[in-house]
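In what follows, a single structure is set out as structure tokens and then discussed.
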Amino acid sequence: MAKKNLFKNKEFLKAVSEDREIQKLLHTPEVGVDGLQMETLICLGDTVQIAGQTFPAPTLGTMAALSAMDHPLIVGTADGLSAPDVLEALFLLRHRENAIPLFQQLKLGLLSEEEWMDRLFAEEMISEDFDFENAAGDLMEAFSVSGGYAAIPRNESPEKPARDAEPHVETESSGADSRTGFAFDADYVNSLTALICSAFPAVTPFEVTWRTAYPQTGYMALQAMRRNGTPGLGTRMKTDEAWQRFKSLQQQFAD
């Protein structure tokens, strides 16, 4: 059964954009410290724990690649993550930029779904007793860590990239490309890397894209915007709770 793509459902997008609870949470300072402590460890170690195994942390390149493949970790799903979804994400986390040629082949139809699945299951990246259910939850948690992006208001200034970088539904008011709704396209990735590299000249665009944990790039962008005097920068907000509320709306519309 095909998964419902709620991001093409105008009623769902309208419900999300007008949901008072989501809007309140997005403007409520985060009070817990556990999430911030784990986020700090992700930034310091550039790793995440998935079902008890260590993998490289998500990066800006990881987010863009999964977005280009319409992966449910980025575009959302009401059905949860399947085993192939989990393996595809782990494959990208493990191989980073070296996974892109296979993603290109898959996108162009040069690699069949069956061949792709054979390749994923042949990878020695999980243990025999690997718990896919726990892995799915750990991946959702790892990819919801937004770092400094949570303190950056949407479309407050020209210095801010045109799209909100947090993994969530793109509504007509959130600044997504109106032609595609594609949040992590090449324009966004390059505008963000240019912003960061302008403030940190010793860091290359490749390092920002593939060698820096995603939440860390958010803090680097935040520091760059502070130096530029960008208005409206705030404190960490309750984006994780807003994300949970968003997922509950997904379920309602999927039923």
Side-chain angles (χ1 to χ4, degrees), residues 1-7 16 21-22 25-26 30-60 62-67 69-96 99 117 120-121 123-147 149-150 165-169 183-184 213-216 218 236-255:
M1 181 178 177
K3 297 177 181 178
K4 294 182 179 179
N5 187 349
L6 295 177
F7 301 95
V16 172
E21 184 175 345
I22 288 180
L25 289 169
L26 288 174
E30 191 173 53
V31 295
V33 296
D34 288 348
L36 292 176
Q37 290 172 338
M38 181 54 66
E39 178 183 88
T40 299
L41 293 176
I42 291 174
C43 292
L44 290 174
D46 190 30
T47 57
V48 291
Q49 298 299 312
I50 307 298
Q53 295 186 213
T54 302
F55 286 85
T59 66
L60 181 60
T62 305
M63 306 294 280
L66 290 182
S67 183
M69 300 303 292
D70 294 322
H71 195 281
L73 271 173
I74 305 299
V75 303
T77 176
D79 301 322
L81 298 180
S82 65
D85 291 334
V86 169
L87 288 175
E88 189 169 85
L90 295 181
F91 183 85
L92 183 59
L93 289 179
R94 173 65 58 82
H95 296 287
R96 290 184 166 177
M117 289 300 103
L120 291 178
F121 279 99
E123 282 283 317
E124 296 182 357
M125 57 183 177
I126 60 174
S127 60
E128 292 184 0
D129 59 348
F130 189 76
D131 190 324
F132 279 94
E133 184 175 350
N134 284 343
D138 290 344
L139 280 168
M140 291 292 290
E141 184 175 351
F143 276 79
S144 70
V145 178
S146 56
Y149 295 108
E166 293 178 49
H168 74 296
V169 65
F184 289 92
Y214 180 69
Q216 180 82 346
R236 291 294 308 276
M237 301 298 169
K238 290 190 174 181
T239 51
D240 289 346
E241 293 180 37
W243 178 243
Q244 294 300 320
R245 170 60 181 168
F246 161 69
K247 289 194 292 185
S248 72
L249 286 178
Q250 273 189 315
Q251 188 62 53
Q252 292 175 29
F253 274 81
D255 292 338

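Hydrogens, waters and symmetry mates play no part in the numbers below; they use all other heavy atoms, side chains included. Residue numbers count from 1 along this sequence. Predicted model, so just to flag it, every value in this text is computed and none were measured.
Side-chain contact between Leu66 and Leu92 is present, with at least one heavy-atom pair separated by less than 4.5 Å. In this structure, Ile126 and Gln53 have side chains that are in contact, with non-hydrogen atoms separated by less than 4.5 Å. Within the 4.5 Å cutoff, no side-chain heavy atoms of Gln49 are placed close to those of Phe55. Side-chain contact check for Tyr214 versus Thr62: every heavy-atom pair is 4.5 Å or farther apart. With contacts defined as side-chain heavy-atom distances shorter than 4.5 Å, the pair Ile42/Thr47 does not qualify. Side-chain contact check for Glu123 versus Leu87: every heavy-atom pair is 4.5 Å or farther apart.
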side-chain contact (heavy atoms from CB on, under 4.5 Å) between Leu90 and Phe130, worked out: CA-CA 12 Å; Leu90 295 181; Phe130 189 76; 3.7 Å; yes

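Residues Pro58 and Met63 share a closest heavy-atom pair of CB-SD, 4.5 Å. Closest approach of Val86 and Ala135 over heavy atoms only: CG1-CB, 3.9 Å. Ala142 and Val48 get closest at one heavy-atom pair: CB-CG1, 4.1 Å. Scanning all heavy atoms of the two residues, the minimum distance from Asp131 to Glu133 falls at OD1-N, 3.0 Å. Closest non-hydrogen pair, Arg96 versus Ala57, comes out as NH2-O, 3.2 Å.
Formation of a donor-acceptor pair under 3.5 Å by the Asp138 side chain with backbone atoms of Ala51 is found in this model. No donor-acceptor pair under 3.5 Å is formed between the side chain of Glu39 and the backbone N or O of Val145. When atom types are taken as modelled, the side chain of Ser146 and the backbone of Tyr149 share no donor-acceptor pair closer than 3.5 angstrom. In this structure a side-chain-to-backbone donor-acceptor pair under 3.5 Å is present from Thr40 to Leu36.
Atom CD1 of Ile50 sits about 4.0 Å away from atom CG of Leu139, to the nearest 0.5 Å. Rounding to the nearest 0.5 Å places CD of Glu88 at 4.5 Å from NE2 of His71. Separating the CE atom in Met125 from the NE2 atom in His95 is a distance of 6.5 Å, to the nearest 0.5 Å.
Around atom CD of Glu141, no more than 12 heavy atoms belonging to other residues, nucleotides or ligands sit under 6.0 Å away.
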